[in-house]
Structure formats: structure tokens, C-alpha cells
Amino acid sequence: MGRIYISDLENHVGEEVQLHGWLYNKRSSGKIRFLLVRDGTGIVQCVMLKTGVPENIFALYDTLTQESSLSIKGKVRKDERAPGGYELEVTDIPKIYQIAQDYPITPKEHGIEFLADRRHLWIRSSRQHAILKVRHRIIKAIRDFFDGRGFTLIDSPILTPAACEGTTTLFETEYFDLGKAYLTQSGQLYGEAAAMAFGKIYCFGPTFRAEKSKTRRHLTEFWMVEPEVAFNDLNDTMDLAEEFLEYIVQTVLRECERELKVLERDTTKLQNVKKPLPRITYDEAVEILRKNNIPFEYGNDFGGTDETVISEHFDRPVMVHHYPAAVKAFYMKRDPEKPHLALAVDVLAPEGYGEIIGGSQREDDYDTLVARIKEHNLPQEAFEWYLDLRRFGSVPHAGFGLGVERTVAWICGLEHVRETIPFPRMIYRLTP
RNA sequence: UCCGCGGUAGCUCAAUGGUGGAGCAUCCGGCUGUUAACCGGAGGGUUGUAGGUUCGAGUCCUACCCGCGGAGCCA
């Protein structure tokens with residue numbers, strides 16, 4: 001009889017096994033007592049009958065508090081009445097590591113402030129546990145997708161000398177004798193350099209935005225995966241994005257069935273996430289807003305409600321491309337035939353989850369890029385290395401960035417991105 | 001930064017300007033199949049902070065602190 005994990009119980013029916021874990025909850029009906037034990041891989045109901053275990057073991061029930069840590073032995077049994085379908089008929093509790101003090105998170109309702117203050121404990125709860133399992137599977141799917149297609153992972157730096165998007169939203173820090181350093185907002189510029197060296201790359205890491213945003217879609221620290229491909233144009237990058245989203249969603253549907261059930265996610269809308277994804281222009285998106293009597297000034301970027309209205313017209317994520325160049329970043333290439341439009345694409349998730357992907361074909365002409373840097377009042381010296389990419393064998397190239405937390409929130413059907421990352425960082429929260 | 005809402009028992013919430021309560025949690029007791037178990041009993045309060053109005057303030061007024069929801073900006 002060896003130590004096993006709860007996730008493996010089904011392979012040990014009829015055997016006596018030993019588990020290590022924590023007490024999740026307990027219930028008693030007098031001479032029959034139920035211990036719900038979790039071990040990180042699942043939760044199992046352990047049954048003790050007064051007539052079935054030694055008296056001293058039966059009495060341990062009274063001393064065990066929620067989250068007490070223990071080893072427990074018993075015989076595995078398939079039983080319809082057990083949550084999860086399998087239960088343990090207890091024979092012994094050979095070790096109690098610790099009787100936990102009063103555990104603050106009871107299996108009842110709590111407010112978000114209370115839970116967020118105890119995030120380090122909250123992640124033990126089954127719902128949070130399921131979300132972080134799905135997050136893990138999404139991240140693995142992301143890496144499998146690119147690794148399986150010949151992309152090279154190139155890590156971009158987190159400390160950077162200058163902004164790559166707006167300058168007002170940077171976290172800054174002192175950097176020895178070299179003045180200020182900034183936490184990265186995107187690995188993209190470095191990704192472009194890497195694409196010129198490796199052809200197909202992706203970078204994957206945390207990014208930081210000091211935006212004073214306080215909505216269900218914002219964190220100050222979030223994870224982004226950013227593929228960049230040399231010789232790709234806007235259409236190629238949209239092809240890649242839709243294949244990528246299909247892969248992620250279908251993988252999670254296939255492999256996280258149990259977690260999605262815990263989260264009570266209606267998966268019918270996720271089943272639709274298959275290519276081709278609808279592609280509409282910015283102008284067509286504006287037309288949708290007009291038809292829905294949404295007040296919108298042509299030329300602006302879409303707000304949260306605008307995105308929701310647009311996405312409600314489709315049964316799967318929608319790609320919106322050819323945005324007005326004025327609302328997009330300096331490095332995006334413009335449509336040669338309509339120079340006021342950027343070769344940019346945003347992918348809007350269904351069900352009001354908003355923008356999950358932003359991408360574009362990059363400006364590859366040296367003179368044009370210099371002019372854009374000037375137009376945006378950016379310091380050219382800081383971008384000399386980036387301009388080198390247009391001096392030494394410049395080629396068309398394109399890429400996009402996918403926000404991991406918004407993607408997790410969408411796939412899990414969550415109200416807020418703060419539950420999609422183990423320890424969220426928001427404008428008014430830095431702890432735990 | 002702006003707009004709106006809130007802060008009462010460990011938790012989630014009640015309480016007309018007039019004796020601060022309930023459910024859960026905790027403790028004690030009961031129950032041989034419980035499913036956020038259930039049933040009975042007990043203990044538990046500087047009503048966010050500081051002022052003010054009033055015979056009397058959880059309740060009304062002022063300021064501040066903290067949190068929540070949203071906007072702008074963004075993934």
C-alpha cells in the first residue's frame with residue numbers, strides 16, 4: 001500500500017491506500033462521520049463508521065479543524081453518494097501534522113475584500129483552485145502551440161530604458177548611475193529584433209501598466225504572450241491568431257472538463273471557437289454601433305461597452321482590423337492605399353470579455369518609422385537599436401499580443417480578471 | 001483623476017433619530033449516508049476615524065481613511 005493522490009483514486013478501487021492532505025470540511029451524523037480531504041489534486045470524502053474504526057481514531061473527528069493537515073489511510077470505494085464518485089472508507093489516521101487554528105475562509109459567503117486580503121489562503125478553495133488549473137493549462141497550450149510550429153521562445157527584458165507605448169503608464173525605478181529604468185509594457189520591440197534573428201519567435205512574460213484603471217478587465221501586472229513572425233503581413237497574423245485561439249479553447253474544453261464544471265461554465269459558446277473567425281473592418285464595426293444607436297464618434301477607439309455590442313453580433317471571437325492610425329501605436333504600418341488606416345487587428349472575445357488580442361503589421365521602412373517617432377514626440381536616441389532593424393535587412397513582419405488573464409477570465413466565465421492570476425496586482429492592492 | 005455606492009459580531013447582512021438583531025462560524029449537546037448536512041443551547045459589539053447637530057446618533061451634517069462598481073486608458 002503506497003501513498004497516492006486523490007486524482008488517482010479511480011485506479012485503486014478496492015485497495016487500501018494512504019493520502020496526505022488537508023481537511024476541507026467535515027460533516028457528522030452521529031455514529032457516521034465524513035471528512036472531506038483535499039490534497040491539491042482533488043477532494044475526497046472519507047467515511048468513518050463508529051463500528052468500523054478504533055475508538056481513538058473515531059474520536060479524532062472532534063479535534064480536527066478546517067485545514068488541519070494529516071495522513072489518512074483507507075479503502076477506496078466507488079459510491080454514487082460521494083462527491084466525485086469515489087470515497088475512502090477510513091481505517092486509520094496515522095499522522096496529524098497540525099491542528100489548524102480557526103481558518104478564516106469558511107464554506108460560506110464572503111466579501112471580495114475579505115477574500116482578497118487572504119488570497120494566500122483563498123487559492124485553496126475549490127473554485128479558485130479550478131481557475132488556476134485552467135490558467136496553467138492555457139499557458140501550457142500557448143507554449144505547445146508555438147513550440148509545435150517551430151517558434152523559438154525569446155525572453156524579453158522586464159527592466160527597460162524607455163516606453164514602447166504611452167509614457168504616462170510606466171512604473172519607474174532608479175537604476176544605479178544610469179538614471180531611470182521602467183518596467184516593461186510589452187516585449188514586442190525586442191520580439192521584432194528576435195524575429196529578424198530567428199524568423200518565428202514568441203515572448204511570454206509579465207508586463208506592467210501603471211494605468212489608474214479600476215475595472216473588471218484591468219490589472220497593473222499581467223501576462224502577455226507575443227508572437228512575432230518575419231515576412232508575415234496583417235492577414236498572416238490574423239490567420240495565426242485564429243488558429244491560436246481555436247487551439248487554446250479546444251484544448252481547455254478537452255482537458256479541463258472537471259474544472260469548467262466546478263466553475264459552472266456554459267461551454268456551448270466556447271465550442272464555436274473554431275476557424276474561420278469573422279473578420280470585419282473598423283468601419284464595419286462602427287456601422288454595427290450605428291445600427292444599435294450607440295453614440296460613437298468616428299475615429300475614436302472602442303470603449304468597453306462598444307466592444308460588447310460589437311462582439312454580441314457574433315457567436316465566436318471577432319477580428320476587427322484597419323483602425324484609424326491616430327488611435328494606434330507608432331510602430332504600426334499603415335495601409336499603403338489608405339494611409340490614415342493602420343494595419344492593425346484587435347480580437348474581441350464574446351460575452352463582453354473585450355479585447356484579448358491586439359496585433360499589427362509593423363512599420364518596416366526606416367524613414368517612415370523615424371517620422372512616426374517624431375510625430376509621437378518620442379526620444380529617437382532611445383530607439384536607435386530598434387531603427388537598426390530597418391537599416392540591416394528590413395522585411396515585412398507582423399505579430400500580436402494576447403492577454404493571458406482576460407483569456408482565462410473569458411474561458412472560465414469570470415466576472416473579474418483578479419481571480420485569474422495567483423496574486424493579483426491592482427491599483428489599490430499590492431498585498432499579499 | 002472623475003462619477004456612483006458602501007464600512008454594524010470572526011463572516012454575510014438587518015435595525016422609522018428612542019433598549020443594536022439574525023443566519024453561518026466558535027463552544028456544549030443530539031443524530032448510522034452526510035452533500036455549503038441538520039436539530040437544540042451558550043458565549044460573542046469602541047457600529048471605519050475625528051469632530052459637530054440633538055434631551056438622545058448605527059441612523060442627520062462636515063472632514064478624513066479604507067473598500068467596491070464604473071468611466072477614461074488599455075491586454
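Given the structure is predicted, the values throughout are model-derived calculations rather than measurements. First the proteins, then the strands, lettered A, B, ... as listed; each starts at 1.
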Using a 4.0 Å heavy-atom cut-off, does A:Pro83 contact any base of the nucleic acid, only the sugar-phosphate backbone, or nothing at all? base

A:Phe58: what forms a ring-ring contact (aromatic ring centres under 6.0 Å, His included) with it, not counting sequence neighbours? none

Does any nucleotide pair with B:rC64 by Watson-Crick or G-U wobble geometry, both distances under 3.5 Å, and what is it? B:rG48

Please determine whether any donor N or O and acceptor N or O are separated by less than 3.5 Å between the side chain of A:His218 and the base of B:rC74. yes

Which part of the nucleic acid, if any, lies within reach of A:Arg418 when heavy atoms closer than 4.0 Å are counted: base, sugar-phosphate only, or nothing? sugar-phosphate

Just call it for A:Gly354: base, sugar-phosphate, or nothing, with non-hydrogen atoms closer than 4.0 Å on any strand. nothing

Interatomic distance at P, B:rC3 relative to B:rC64, whole Å: 13 Å

How would you label the contact of A:Asp346 with the nucleic acid (heavy atoms, under 4.0 Å): base, sugar-phosphate, or nothing? nothing

Once you measure the plane-to-plane angle for A:Phe114 and A:His110, does it fall in the parallel (<30°), tilted (30-60°) or perpendicular (>60°) bin? parallel

For nucleotides B:rC2 and B:rG72, find the distance between their C1' atoms and express it as a whole number of Å. 9 Å

Taking any heavy-atom pair under 4.0 Å as a contact, classify A:Gln45: base, sugar-phosphate, or nothing. base

Choosing from B:rC68, B:rC73, B:rU34, which nucleotide comes nearest the side chain of A:Ile112? B:rC68

In Watson-Crick or G-U wobble terms, with both distances under 3.5 Å, the base opposite B:rC24 is B:rG10

Hey, what's the ring geometry for A:Phe208 with A:Phe171, parallel, tilted or perpendicular (30° and 60° as the breaks)? perpendicular

CA sep, side-chain torsions, deciding dist, call: A:His322, A:Asp283, side chain to side chain donor-acceptor pair (under 3.5 Å): CA-CA 8 Å; A:His322 283 82; A:Asp283 286 14; over 6 Å; no

Under the criterion of centre distance below 5.5 Å and interplanar angle below 30°, is A:Phe222 classified as stacked on the base of B:rA75? yes

Using the ring of each side chain (for Trp, its six-membered ring), is A:Tyr282 parallel, tilted or perpendicular to A:Tyr298, with breaks at 30° and 60°? perpendicular

Applying the Watson-Crick and G-U wobble criteria at under 3.5 Å, what pairs with B:rA71? Answer none if nothing qualifies. B:rU1

Would you mind pulling out the nucleotide paired to B:rG33, Watson-Crick or G-U wobble, both distances under 3.5 Å? none

In B/S/- notation (B base, S sugar-phosphate only, - none; protein heavy atoms under 4.0 Å), nucleotides 24-32 of chain B written 5' to 3' is SS-----BB

Are side-chain N/O atoms of A:Tyr86 and A:Asp79 paired as donor and acceptor at under 3.5 Å? no

Checking contacts here: which listed nucleotide (B:rG33, B:rC74, B:rG10) is nearest the side-chain heavy atoms of A:Glu87? B:rG33

Looking only at atom C1', what distance separates B:rU8 and B:rG58, rounded to whole Å? 6 Å

Looking at B:rU53, which nucleotide sits across from it as a Watson-Crick or G-U wobble partner, both distances under 3.5 angstrom, or is there none? none

Among B:rG33, B:rU12, B:rG69, find the nucleotide with the atom closest to the side chain of A:Val47. B:rG33

Any idea how A:Phe244 and A:Phe145 line up, ring-wise: parallel (<30°), tilted (30 to 60°), or perpendicular (>60°)? tilted

Using a 4.0 Å heavy-atom cut-off, does A:Glu415 contact any base of the nucleic acid, only the sugar-phosphate backbone, or nothing at all? nothing

Using a distance-only criterion (donor-acceptor N/O pair, under 3.5 Å, no hydrogens), is the base of B:rG69 paired with the side chain of A:Arg217? no

How far, in whole Å, is B:rC24 from B:rC39 if one measures between their P atoms? 7 Å

Name the nucleic acid region contacted by A:Ile357, choosing base, sugar-phosphate or nothing; use a 4.0 angstrom heavy-atom cut-off, strictly under. sugar-phosphate

Does the side chain of A:Thr215 pick up a donor-acceptor pair with the side chain of A:His218 at under 3.5 Å? yes

Please determine, for the side chain of A:Glu113, which listed nucleotide (B:rC73, B:rC66, B:rG69) has the closest atom? B:rC66

Shortest side-chain distance from A:Phe34, nucleotide among B:rG69, B:rU34, B:rC74: B:rU34

